[in-house]
Structure formats: C-alpha cells, structure tokens
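Only one structure is covered here, and it is reproduced in the block below.
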Amino acid sequence: MSKHKPHHLEMDDEFLAQLDFLRADYDNALQSIDQQEKDIRRLIALLIERDIPLPGDIMDKYIKRISEPDNGRLEALPFD
C-alpha cells in the first residue's frame, strides 16, 4: 500500500508581505474616503447655512431628506 503525502501549499513570504501591504493601503483608502465624505457634508452644511444654492443632485447624493407625509399635514408626535 502506498502512502499518500498531503499536498501543502507553501505561501511565499513576499506574497504575504504584498497582501499585508495591499490590506493596509485599502484600509487607508477607506479612511480617506470616510474623511472626505465628512468634509463634503460639512461644506454642504456651511453652504446651506449661508443660503448658497446647491444643485439638487449634489444634495440628493450627500443629504438624506425627510419625506413629507402623503396628506401634507404634520403628524402628531407620539408622546402627546
């Protein structure tokens, strides 16, 4: 009976180092994107505060608007 040796994949140290580098770079990119989005929202808030008009598509992209009720009247608060 012959013995079967299990096949092991050997990972190259350089390959693992590259994966670590890419993961760190990806994490840094996500942090930059998050910070840029916060900065954009702050800038938009300042523009709105100073009554500077903004295109609707920009507002729709970065600001969640509160939808009005269907009947056009304000709904009663739940703690009345």
The reported gap from CG in Asp60 to CG in Leu54 (rounded to nearest 0.5 angstrom) is 11.0 Å
Any carboxylate oxygen within less than 4.0 angstrom of a Lys/Arg side-chain nitrogen, looking at Lys61 and Asp57? no
Salt bridge (charged side-chain N to carboxylate O under 4.0 Å, His left out) partners of Lys38, counting only residues at least two apart: Asp34
Set of salt bridge (charged side-chain N to carboxylate O under 4.0 Å, His left out) partners for Asp20, sequence neighbours left out: none
Separation of Gln18 CD from Asp25 CG (nearest 0.5 Å): 10.5 Å
Given the rule that I, L, V, M, F, W and Y join up when any side-chain heavy atoms are under 4.5 Å apart, are Leu43 and Ile52 in one cluster? yes
Is Arg23 close to Leu19 at the side-chain level, that is, under 4.5 Å between some pair of heavy atoms? no
Nearest 0.5 Å, please: how far is CG in Leu22 from CG in Asp27? 11.0 Å
Please determine whether side chain to side chain donor-acceptor pair (under 3.5 Å) holds for the pair Asp39 and Gln35, giving the CA-CA distance in whole Å, both sets of side-chain angles, and the decisive distance to 0.1 Å. CA-CA 6 Å; Asp39 293 343; Gln35 185 60 49; 2.9 Å; yes
